[in-house]
Structures are given as structure tokens and as C-alpha cells.
Protein chains: 2
Amino acid sequence: MARTKASEIERYSSSDKIEKILQGSKQEFLAHGYAGASMDRVALAAGVSKATIYSHFQDKEGLFKGLIEQLARKRFELIFGAQPLEGEPNIVLPQLLAKALTQMLEDKEFQAFQRVLIGESARFPELAQILFRYIAKPGSEIISQYLASHSELNIPDPDAMVWVLMGSIVHLVIAQEIMHGKDILPMESDRLINSLTYLINQCGK
Amino acid sequence: MARTKASEIERYSSSDKIEKILQGSKQEFLAHGYAGASMDRVALAAGVSKATIYSHFQDKEGLFKGLIEQLARKRFELIFGAQPLEGEPNIVLPQLLAKALTQMLEDKEFQAFQRVLIGESARFPELAQILFRYIAKPGSEIISQYLASHSELNIPDPDAMVWVLMGSIVHLVIAQEIMHGKDILPMESDRLINSLTYLINQCGK
DNA sequence: GTCTATAGAGGGATAGAC
DNA sequence: GTCTATCCCTCTATAGAC
């Protein structure tokens, strides 16, 4: 099957054409979504012919899945690049939240990735689930265990608290940047981080 | 202009064809997004000919905008149907959060609406902003003023706290239902509501 | 392996009859 | 106002030359 072959070739990087195609398809799919993307424009952006694309990927759907999987893998590696969670909660947690939020607010490619993943989650549920399997779940487990291991924080339900923290900052990115809500209902990230930090501190009192 | 005419006719409901077209377009656009929607299928679902659609709406884009505006107006009325926020915070706030979350978790049409709004927020930023202008902003102001007026709650930044509350429950809906994350990283709504309630209570101590 | 050229289907939009 | 029939374009995907 073409998709399988493409994945293997790409993993061992025996062809640069595959990488050019994925780069071109990234531009196209992240800008226009799945249905709005054109294979002609992918070929143009990648600098190859359409037939070359179809020799490496089964069809438009296979290319889209290949791209999303590659992008998810890259994000996964970014998470792993983070240092393990250690130290004083009063310092570590605000820093972690602020860093995660700032990075998401600045990273336009991540925002486009998130937009497409949500927008196509009816057509491709399994692709949306990749985000949870490889990024949200590992990340939330690390934070949850950190919260649970620091009993002085006195957090009754660490797993649920992670959803509060994660939800607050992810939703801010979706609302302010992805949906362009900052012009209508603005909120500074510092104020959100400060409030979350304050809430955590209040638990230990 | 056809779109203006359509809006006026629809507002004074002088034609039932318009309503049928909007109904048909709702099925189509909410299921497939803007680019994935077909005007042929809209006509089929609405039970009218394609030419009739184009006699009431300028083009595909005008129909899409008309639909989104109508849906936003309906949601706006749902918000206004809610009783004003009064009473004991320990009772009112958990009830409000639980009711809002439950309604969003059960309302598949709202989830599809939200999915399309996010998915098309690059192509139609002004449509995504409707959600904040007519739903999120009025709602958040009511809650923020309620939090601020109850000084015994001792909340340092009510506006930011609203983002925590709103973000936590909206993100849960996006993650669990819209993106189908509940199979990978489940979270019961009760636990989230309980944690949010607990956090608010801790502020007053 | 990669290209050009094209097939074949379906898209949005409209002309003209009624 | 609404329909049928159709235009023209872009789309995905492939055949065949090199």
C-alpha cells in the first residue's frame, strides 16, 4: 500500500521528495482544511508534479493522514524535550503554565494544526484522538502525578485539577487566537496564570 | 443585495422557502463544513431547486453567513431565556456550571456549530467572533459581576476567574465530545464541576 | 521515479421557460 | 418565484511518455 511505503520511506528518509510533499501539503491543509485543500496547489507548493504525489501517497486522504501524523509526532518530541517536573510547586507550576501558554499563543502553526484537527474531527475522529493519545494524555499524567506527589498542595482530585489547568490555557488559545476573540473579549495571559496560581495556592491553606 | 433581502424576509418570515433552505443548509454545513458542503445537497435537503437558493441568497458564502448568524441568534435567545443570577453562591454557581456543561455535552447541534465555527475561523474570522460578541461576552459579564458583587467569595480577579470557569467547561466539551477524546482521556463532568466549586470555596477562606 | 496531458466526476452559478 | 437544463470551471486521480 502506498501509504505504508510512504511512512517507511519517510521514517528512514530515503527520499527528499516525500519531505517536500509533506511540507507543501502542510501549507495547503493547514491553510484551507481538508476539503478546501487542492492537490494542484499542494503540488505547486511542494515543487513536484501531482503524479509524483500520488506515487508516494495513496490519495488525498492518505496524504492528509500522513501529514497530521507527522505533525503530531513533532509535537510529541517537543513535549519530551521539556525537562522533567521537579522543584518547588510555587515556582514550577506558574512557570510551566506560563511557558505552555506563551508557546501556544506564539505558535501560529500549532494554532492552525489545532484548528484543522477540530474542524475535521467529524470526518476524521481518529486523527483528533491522536492529540490526546500522544500529547494531552502523557502531559496530563506528568502534571497529575506531580500534583498528587506534593501532598502539601492539598488537591482533592489531581486529575480533575489538570483538566482545569489544561482547559483554561488551551481554551484561551482557542478563544483569543484561533477564533480571533481577543478583539471582542480580551484577556491577558498573565491574569489567567495569576488566577490559576492563586487558586492552587488557596488549596494548601 | 440578495443577502440583505434574505435577512429581511427571514426576519419578518414572509416566505417559508427561506426557512426550508436554512434548515437544509444547516444539515449540510454543520455536517461537512463550508468547503465540504455541496449546494446540490443543500437543495436536496431543503426540498427546493438550486436556482431557488440563489434567488434568495447571493452565493454559497452568503448562505453560510446567513445560517451562522441565525444559529448564533438562536443561541443568544437561549442565553436570555435563563433566569437572572441570584442567590447563595454555594448553590447558584455549581448549578450554573453543571447546567451549562450538561447542556453543551448533550447538544450535538451546538457541538457541530462550535466545530464548524472553529474550523472555518481562518476563512471567516468575523463569524467566529459572533460567538464572543453575542454569547460569550454577555454571559461572562453577568457571571463576572455576580462574582464581584459577592465580596465574601474573595475573588481577586473576577474577569480572569470567569475565563477559568468558562474555559474549563467549554474545553471539556471540545476535548471529550467534539474531538472524541473521551475514549482516550476520559473525565467525568461531575469531577470537573466539583473541583471548580471547591476552588471557588477555597478563595473565601 | 517523475513528468505532461487528460479523463471523468462534481463543484458553483445561471439562462430561460413557466 | 420556482423550476429544469446547462454552462464552465476546478477537482481528484491516472495513463502513458521519458
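Given the structure is predicted, the values throughout are model-derived calculations rather than measurements. Below, chains carry the letters A, B, ... as their sequence lines are ordered, and counting in each starts from 1.
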Fill in: For B:F64, ring-ring contact (aromatic ring centres under 6.0 Å, His included) partners two or more places apart
B:F29, B:Y34, B:F124
Discussion item. Keeping A:S144 on the side-chain end and A:E141 on the backbone end, is there a donor-acceptor pair under 3.5 Å?
Written reply: no
Worksheet item: If the sugar-phosphate is the primed atoms plus P, OP1 and OP2 and the base is the rest, what is the B/S/- string for nucleotides 11-18 of chain D, using protein heavy atoms under 4.0 Å?
Response: SBBBB---
Fill in: All ring-ring contact (aromatic ring centres under 6.0 Å, His included) counterparts of B:Y146, not counting sequence neighbours
B:H150
Item to complete: Specify the separation, in whole Å, of atom CD of A:E28 and atom C1' of D:dT10.
Response: 13 Å
Worksheet item: Does B:T52 have a side-chain nitrogen or oxygen under 4.0 Å from the phosphate oxygens OP1 or OP2 of D:dT2?
Response: no
Worksheet item: Whole Å only: how far is the CG atom of B:L44 from the C1' atom of D:dT4?
Response: 15 Å
Discussion item. Looking at A:E126 and A:R133, is there a salt bridge between them, counting it only when a charged N and a carboxylate O are closer than 4.0 Å?
Written reply: no
Discussion item. Could you tell me how far apart B:H56 (NE2) and C:dA13 (P) are, to the nearest whole angstrom?
Written reply: 16 Å
Worksheet item: Separation of B:L63 atom CG from C:dA13 atom C1', in whole Å?
Response: 13 Å
Practice prompt. Give the rounded distance in Å between these two atoms: CZ of B:F57 and C1' of D:dT2.
Written response: 15 Å
Practice prompt. Answer yes when A:E69 and A:R73 have at least one side-chain N-carboxylate O distance shorter than 4.0 Å, and no when they do not.
Written response: no
Worksheet item: Less than 4.0 Å between a side-chain N and a carboxylate O, is that true for B:K65 and B:E120?
Response: no
